[in-house]
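Take a look at the structure set out below.
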Amino acid sequence: MSISSTSDQDFPAHYDPAATEAAIYARWQQAGCFTADASRSSRIGGDRDPYGILMPPPNVTAILHVGHGLNNAVQDVLIRWARMKGLEALWVPGMDHAGIATQNVVEKQLATEGLARNDLGREKFVERTKAFVEQTGGVILQQLKSIGASADWSRTAYTFSPELSVAVREAFVRLYERGLIYRGHRVIHWCPRCLTSLSDEEAEARETTGALYHISYPLADDPTRSITVATTRPETMFGDVAVAVNPADERYVALIGKNVVLPILQLPIPIIADDYADPAFGTGVVKITPAHDANDFEVGRRHDLPAPIVIDEHGVMGEVADAAGRVPQALRGIDRFEARERVVAMLDAAGRLVKTETHQHNVRHCYRCDTVVEPRLSDQWFVRMAPLAEPALAAVRTGRVRLLPEKWVGVYEHWMTNIRDWNISRQIWWGHRVPVWYCKECDPPQDVIASRVDLTECPFCGCDVVQDEDVLDTWFSSSLWPMSTLGWPNEEATDLRAFYPSDVLVTAPEILFFWVARMIMMGYEFMGDAPFHSVYLHGTARDTQGRKMSKSLGNGIDPMDVVHLYGADTLRYTLIAGMGLGADVFLDPNDLGKSFATGRNFATKLWNIGRFLLNNVGDDTVRAFADLKPDELGRADAWILEKLDAAIRECDRAIGPVRPAHGVWLEEELASGLRLNEFAETARRFVWNELADWYLEAIKTRLLTPGDDQQVARSVLVHVFDQALRLLHPIVPFVSEALWQRLPGHVDGTFLATSSWPDARRQTTVDVRAGEFELIKEIVEAMRRVRSEYAIPPGKMIDAFVVAAPIWRQMLADEFSLIARLARTQLTLADAAPAGAAANVVLAGGTELIVPLAGLIDVKKECERLQTELANLEKQLASLEARLGNPGFVDRAPSHVVDAERVKRDEWSTRAGLLRARFEGLCGKA
RNA sequence: GGGCGAAUAGCUCAGCUGGUUAGAGCGCCUGUCUUACACACAGGAUGUCGGGGGUUCGAAUCCCUCUUCGCCCACCA
């Protein structure tokens, strides 16, 4: 890509991403820039410390949205930084088979052909899904490449691959053998549309306005008396097996043990006493429906009651088990919500509906299809979580794992200490089938066999066995991701030894419990260590109204649109710069130009700095920066090198450290690192406000004037820009690479992506010349302010005098031409303020600028302005005096504060004196 | 209902363990096509740091309280 000429044709004023990005990415890949070499990991005897990031695997059917863009941009910044720091960096990409989600997609597809999954049968359905995934899946991984993701694609993983399926089985069997997986018969969350159970996390609660129905149940032995129950779900009454009152509730104590008659069915059921009934809620009487409510199930169990099921798997009224004659003929086959209305009408007609009141409560919905979840009594597999949670909780408490932002620590602890068992079986077909076989001939416990290999016959009696029909929760396989992608359960696997544990996990807080917590648990259970030391929980992409971007709201932004319009760097820079730690990113889907202006403007600026540099430095050999002698450097050179060092240090602090120095995070370490917006801002400020605004402007003449000093300026410029490109590369990889490869002296076949991260120089002494440039800069800024204040035309060269301490005088005289160019002001050294009307500015250190105003301004107006300025200054001075006169302040404030205040006071009083003199000189003594 | 967090410029947010004149980006105002960049340059304005109390020589920063938002969790039918 090296170029010999820099005509406008191949170096246009605006960076053209379309012309460069794809080609650069291809060359990175070709050169193997992103492929990690496990043998170089110091953990297995190599020469580099490893650094690992695990990509949260997107669903195999997913298409890139801004959330993915944001998530992967963060990871890519980190991995590119680590790579440049000389670590053996591995970013493992991959996809999730996404059980329910993918099955739903295929079922929808089938539906358009008029087919249901049962029409195909399990085997055919799975085959079809597999084919669908092979044909259309993985689009997102390709899209990630176009935003620059430097993942190691040679290690792309898939939760449903043969290798990872082995890991899933191994984990299941080991947990089963340890008694941490068990089969339970209980009420779980059931989605009547997906026809599967859901975990607690998958059943999302949503605040809903419903109704609380008060129904009177007459006493069996005295139909004139009745007790009233309150329920939100009258349709479940056919499954009632009792009504419960609190044993301490005096209203009902006398009735305990009697029967009431279940309305409509005319079925006698007992009144029982149970603490579960809350006297303060509703009527204090609760109907007990063990098959359709998790709490009622527990109550039923305590009282040894049956659990008739009256709603089937589709959410339709029907007698399923143990419920003969319970569902009236007229309601059979009726949907639960329709049935609710009919039951209410029936009760009303029978005079049993006492009243209906509106009621706020939470209703759980399926996280995949939003259907109202139905509590359902069934057999499911569960993971016993308490023992697994213990080390995972300790990991965060001891600092082995840090959560950022820290506010999530409390949430994590709360969840971990109140953890409930995890339902891992799903009644769908797409996923890892539960590796359990049943033998009809053997007696418990030998009739249930968990096996790492497929069984065709019972290992105990040799007769036929059948495999469990269920598949595992997708998140079960995800929880193994940090190990399974590296070769576990083969503990000798090179990648596993070289890269486990990894370093940072970057994800959205929504899946803290779905995924992150469970990965930590599994890490400890199977590897004896947490899978990473940092969890970076980033914010959400929102529209200008603060709504989360989503497909259903249609307020999303397609990152590919941004890439096509403005380039990947624009997308990345905007997202990274706009994202404080854990803060949401706000973008306007209706105005991409405005939303991404930050990134686009920056990319253009950077491009133009490069353009300037190449046009002015040219292709001729540039002196090696390392060969420059310190005394060859000009003031601007010394200044920009100092700023560069500061920028490098600040960037390091913002993004690092790589990992805790002593295994656990210390207080002081937690204050830095992963502040990517600070990193971006620091780099931007350096490149734009320091390098471009000042250094470049300052050296223009030097670059054009042949001689030794020209060579120095060229060398420093190339060096500083090279370093700046390195700092910026993790954020804007494409434009930085494109420019870096064009720098004079670039060696063909080398990449910025794999070059080294800058180091700040170890300077022990303060460079006086840098300070001198700072004074020049202040003078220029002051002159510009004066010019603007007095509305002096930009093109007009004006004269001014400078009164400075003797040590500055020669230096200033040297730089008069530079100041003249930057401030359009011809300075002359003076010993004191010349007579006549003038604007007067005092800079830090007592340097004074005097700008004769004759012929430039309205003297009368200037007098008024000076007067107010003087009044303000004197007011401020008075309060400063008061503070310094306050013994408490002087005694207890740190000395540097007191000193600073004193310096300020002295400066201000000098300035006040000068102002007064100027005022008097200008207006004559009033 | 329990827990956690936030409130700073028009908008989105920085402001670490209290200490010079509270910052950035975008937006806004004025001027400029100054031979890298008008996606730019130069200059500028804007804050009772949510309200109230307290600690202190000194509070955006620490404590209490109120208000308003947000998030997580939860079996009150």
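Below, each value reflects all heavy atoms present in this structure, side chains not excepted, and no hydrogens, waters or symmetry copies. Residue numbering restarts at 1 for every chain, and letters A, B, ... go by the order of the sequence lines. Note that the coordinates shown come from a computational prediction; the quantities given were computed from them, not determined experimentally.
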Considering every strand and a 4.0 Å limit on heavy-atom distances, what is the contact class for A/R600: base, sugar-phosphate, or nothing? base
Distance check needed: B/C11 P versus A/R547 CZ, whole Å only. 19 Å
Out of A/R784, A/M783, A/E778, A/K777, which one pairs with A/V780 under the side-chain contact (heavy atoms from CB on, under 4.5 Å) rule? A/R784
B/U17 - base-pair partner by Watson-Crick or wobble geometry, distances under 3.5 Å: none
Contact class for A/I288 (heavy atom, under 4.0 Å): base, sugar-phosphate, or nothing? nothing
A/A13 and A/N608: which non-hydrogen atoms are nearest, and at how many Å? O-ND2, 2.9 Å
Are A/Y566 and A/F596, when compared by the centres of their aromatic rings, separated by less than 6.0 Å? no
Euclidean distance for C1', B/A24 against B/A14 (whole angstrom): 7 Å
What is the nucleic acid contact for A/E697, judged by heavy atoms within less than 4.0 Å: base, sugar-phosphate only, or nothing? base
A/K796 NZ to B/U34 P, in whole Å, measures 19 Å
So what does A/R542 hit on the nucleic acid, given a heavy-atom distance under 4.0 Å: a base, only sugar-phosphate, or nothing? nothing
When you measure from the side chain of A/H414, which nucleotide among B/G44, B/C73, B/A36 comes out closest? B/C73
Please measure how far the C1' atom in B/U68 lies from the corresponding atom in B/U32, and state the result in whole Å. 46 Å
Under 4.0 Å, counting only non-hydrogen atoms across every strand here, what does A/G599 touch: a base, just sugar-phosphate, or nothing? nothing
Give the nucleotide from the list B/C41, B/C13, B/C71 with an atom nearest to the side chain of A/A583. B/C13
Under 3.5 Å on both distances, the Watson-Crick or G-U partner of B/C69: B/G5
Given that both distances must come in under 3.5 Å, which nucleotide forms a Watson-Crick or G-U wobble pair with B/U30? B/A42
What's A/H214 touching, base or sugar-phosphate or nothing? Going by heavy atoms closer than 4.0 Å. nothing
Using whole Å, report how far CD of A/E789 lies from C1' of B/A45. 14 Å
How many Å lie between CG on A/L703 and C1' on B/U35, as a whole number? 14 Å
Which is true for A/D693 with a 4.0 Å heavy-atom rule: it touches a base, it touches only sugar-phosphate, or it touches nothing? sugar-phosphate
For the residue pair A/R714 and A/N616, confirm or rule out a side-chain donor-acceptor distance under 3.5 Å. no
B/A77 pairs with which nucleotide, Watson-Crick or G-U wobble, both distances below 3.5 Å? none
Is a side-chain donor-acceptor pair under 3.5 Å present for A/K355 with A/T228? no
Which value, in whole Å, describes the distance between the P atoms of nucleotides B/A7 and B/G15? 10 Å
Between B/G43, B/A77, B/A36, which nucleotide gets closest to the side-chain atoms of A/R785? B/G43
Would you mind reading off the distance between A/R611 atom CZ and B/C39 atom C1', rounded to a whole angstrom? 13 Å
Considering only the C1' atoms, how many Å lie between B/G23 and B/G47, rounded to the nearest integer? 12 Å
Do the side-chain N and O atoms of A/Y367 and A/E204 include a donor-acceptor pair separated by under 3.5 angstrom? no
Do the side chain of A/K407 and the base of B/C4 come within less than 3.5 angstrom through a donor-acceptor pair of N or O atoms? no
For B/A74, take OP1 and OP2 only and decide whether either is under 4.0 Å from a side-chain N or O of A/R420. yes
Ion pair present between A/E650 and A/R685, side-chain N to carboxylate O less than 4.0 angstrom? yes
Should B/A24 form a Watson-Crick or G-U wobble pair with both distances under 3.5 Å, which nucleotide is its partner? B/U12
Between B/U12, B/C76, B/C73, which nucleotide gets closest to the side-chain atoms of A/F281? B/C76
Nearest-nucleotide 5' precedence on RNA chain B, A/A205 against A/D584: A/D584
Kindly point out which of B/C41, B/C75, B/G15 is positioned nearest to the side chain of A/E678? B/G15
Between B/C76 atom C1' and A/H361 atom NE2, what is the distance in whole Å? 12 Å
Taking the same atom, C1', in B/U61 and in B/A6, what whole-Å distance lies between them? 15 Å
Just checking A/Y15: base, sugar-phosphate only, or nothing, at a heavy-atom cut-off of under 4.0 Å? nothing
Between A/R675 and A/W694, who's closer to the 5' end of RNA chain B by nearest nucleotide? A/R675
Spacing of A/R787 atom CZ relative to B/C41 atom P, expressed in whole Å: 19 Å
Test A/F238 against every option in A/I311, A/T289, A/L262, A/V343 by the side-chain contact (heavy atoms from CB on, under 4.5 Å) rule and name the one that passes. A/V343
Heavy atoms only, 4.0 Å cut-off, all strands: where does A/A603 land among base, sugar-phosphate and nothing? nothing
Generate the contact string for nucleotides 24-31 of chain B. Rules: B means base contact, S means sugar-phosphate contact only, - means no protein heavy atom under 4.0 Å. SS-----S
Please confirm whether the backbone N or O of A/R824 pairs with a side-chain atom of A/R787, one donor and one acceptor, at under 3.5 Å? yes
With sugar-phosphate meaning primed atoms plus P, OP1 and OP2, does A/R364 contact a base, only sugar-phosphate, or nothing at under 4.0 Å between heavy atoms? sugar-phosphate
Quick one: does any side-chain atom of A/R675 pair with a main-chain N or O of A/G673 as donor and acceptor, under 3.5 Å? yes
Using purine N1 to pyrimidine N3 plus N6-O4 or O6-N4 for Watson-Crick, or N1-O2 and O6-N3 for G-U wobble, each under 3.5 Å, what pairs with B/A59? none
Assign A/A791 to base, sugar-phosphate, or nothing according to its heavy-atom contacts below 4.0 angstrom with the strands shown. nothing
Any idea which of B/A36, B/U12, B/A74 is nearest the A/F586 side chain? B/U12
Would you measure the distance from the C1' atom in B/A60 across to the matching atom in B/G1 and give it in whole Å? 33 Å
Does any donor-acceptor pair link the side chain of A/H14 with the base of B/C39 at a separation under 3.5 Å? yes
Just verifying a value: how many Å separate A/I557 CD1 and A/M549 CE, rounded to the nearest 0.5 Å? 3.5 Å
